[in-house]
Amino acid sequence: VEPRESWAALAAGGVAGVCVDLILFPLDTVKTRLQSPQGFRKAGGFRGIYAGVPSTAIGSFPNAAAFFVTYEYVKSVLHRGSASYLSPVMHMVAASCGEVVACLIRVPSEVIKQRAQVSPSSSTFRILSQTLYHEGIQGLYRGYKSTVLREIPFSLVQFPIWEYLKDLWSWKQGHVVDSWQSAVCGAFAG
């Protein structure tokens, strides 16, 4: 992968991740509180609907950027000398590797975010400090394996479809898709 392509993947992935995470954050808070053992109302109800957003805002860009840089790198390594009929498999492997790397950032961010969502009166920094004090670094990675196992099947489907749609659109119009066209393909694939 050329340095320019790496930077583009990093920036585009990071910005897209931040936008999606911040737009969907209130829905995620409601879902987390509905699933809380203490019940929706005791977990905060609709109060403090953006509790935990700092951890999401801080973790979102590097998480998405790490995914796309890894995805593009693995894709470029696998692409060398491979037959075109193997493209979907190449995208599946690249997306899986991207998820494993991205979850190194995503999981600690999710742990802090979810704890803040069910304790809206605590600050993100306080929750981080308490987690590290009581559970150590392992507390930040609680659920890493299950998160990776949840994300990989989604990526196995989404990324080959996204790449196929981009290739199809490029072929139809006779040139590489624009960024907005890639976003439309990604939204449909997702």
Side-chain angles (χ1 to χ4, degrees), residues 6-74 94-159 183 186-187 189-190:
S6 291
W7 284 108
L10 185 134
V15 170
V18 169
C19 290
V20 168
D21 287 345
L22 293 179
I23 289 167
L24 297 178
F25 192 86
L27 294 173
D28 187 58
T29 301
V30 169
K31 177 195 74 145
T32 300
R33 290 177 181 176
L34 285 168
Q35 294 173 341
S36 172
Q38 54 188 318
F40 180 72
R41 193 172 296 199
K42 285 185 181 177
F46 290 107
R47 180 178 48 86
I49 205 82
Y50 280 95
V53 81
S55 69
T56 296
I58 291 167
S60 186
F61 188 94
N63 163 42
F67 174 87
F68 279 102
V69 166
T70 305
Y71 175 74
E72 292 296 333
Y73 175 76
V74 172
S96 297
C97 291
E99 289 298 352
V100 169
V101 171
C103 282
L104 293 171
I105 299 165
R106 182 181 306 138
V107 171
S109 176
E110 284 282 314
V111 166
I112 300 305
K113 175 194 74 168
Q114 289 173 347
R115 291 178 183 188
Q117 286 173 326
V118 296
S119 301
S121 59
S122 294
S123 74
T124 299
F125 182 74
R126 182 176 180 167
I127 291 169
L128 172 63
S129 299
Q130 288 177 339
T131 301
L132 288 172
Y133 180 77
H134 294 291
E135 301 172 59
I137 197 79
Q138 302 92 329
L140 292 176
Y141 285 94
R142 183 177 300 250
Y144 175 81
K145 291 176 191 170
S146 61
T147 302
V148 168
L149 291 173
R150 178 193 72 194
E151 296 296 328
I152 286 178
F154 177 74
S155 293
L156 289 175
V157 173
Q158 181 185 17
F159 284 88

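All residue numbers refer to positions in the sequence shown, counting from 1. Predicted model only: the values in this text are computed from it and were never measured.
Under the 4.5 Å side-chain criterion, counting only non-hydrogen atoms from C-beta, V53 is in contact with L22. Considering only heavy atoms from C-beta on, C19 comes within 4.5 Å of V15 through its side chain. Looking at heavy atoms from C-beta onward, V111 lies out of side-chain contact with Y141 at the 4.5 angstrom threshold. Contact annotation: the side chain of S109 never approaches that of I58 to less than 4.5 Å [non-hydrogen atoms, C-beta and beyond]. Under the 4.5 Å side-chain criterion, counting only non-hydrogen atoms from C-beta, L128 is in contact with L140.
For S55 (side chain) and G52 (main-chain N/O), a donor-acceptor pair under 3.5 Å exists by modelled atom type. Side-chain atoms of S60 do not come within 3.5 Å of backbone N or O of A57 as any donor-acceptor pair. Formation of a donor-acceptor pair under 3.5 Å by the Y71 side chain with backbone atoms of A66 is not found in this model. Here the side chain of Y73 pairs no donor or acceptor atom with the backbone of G98 at under 3.5 angstrom. At least one donor-acceptor pair under 3.5 Å links the side chain of T131 to the backbone N or O of I127. Panel note: side chain S119, backbone S122; no donor-acceptor pair is recorded below 3.5 Å.
With sequence neighbours left out, the side chain to side chain donor-acceptor pair (under 3.5 Å) criterion links T32 to Q117. Legend: residues meeting salt bridge (Lys or Arg N to Asp or Glu O under 4.0 Å) with R106, ordered by chain and number and at least two apart, are E99, E151. Partners of L24 according to the side-chain contact (heavy atoms from CB on, under 4.5 Å) rule, which considers only residues two or more places apart in sequence or in another chain, are V20, L27. For the side chain to side chain donor-acceptor pair (under 3.5 Å) test, no residue two or more places apart in sequence or in another chain qualifies with Q158. Partners of F40 by ring-ring contact (aromatic ring centres under 6.0 Å, His included), not counting sequence neighbours, listed by chain and number: F46. Scanning for side-chain contact (heavy atoms from CB on, under 4.5 Å) contacts around P26 gives I49, Y50, with sequence neighbours left out. Taking A43 as the reference, R33, S36, Q38, V118 meet the side-chain contact (heavy atoms from CB on, under 4.5 Å) condition, with sequence neighbours excluded.
Between F159 and F67, a ring centre-to-centre spacing shorter than 6.0 Å is recorded.
Taking all atoms of both residues into account, the shortest heavy-atom contact from I152 to S96 is CG2-OG, 3.5 Å. The nearest pair of heavy atoms linking P62 to G59 is CD-O, 3.4 Å. The shortest non-hydrogen separation linking T29 to A51 is OG1-O, 4.5 Å.
Counting only residues at least two apart or in different chains, salt bridge (Lys or Arg N to Asp or Glu O under 4.0 Å) contacts with residues 134-144 comprise R115-E135, E135-R142. Note on residues 18-28: pairs passing salt bridge (Lys or Arg N to Asp or Glu O under 4.0 Å), not counting sequence neighbours, are D28-K31, D28-K113. Note on residues 36-58: no pairs pass salt bridge (Lys or Arg N to Asp or Glu O under 4.0 Å), not counting sequence neighbours. Counting only residues at least two apart or in different chains, side-chain hydrogen bond (donor to acceptor under 3.5 Å, both in side chains) contacts with residues 11-20 are absent. Pairs of residues two or more places apart, or lying in two chains, never qualify as salt bridge (Lys or Arg N to Asp or Glu O under 4.0 Å) while including a residue from residues 51-67.
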What do the steps show when you test I105 against F61 for side chain to side chain contact (heavy atoms under 4.5 Å, CB included), and what is the final call? CA-CA 10 Å; I105 299 165; F61 188 94; over 6 Å; no
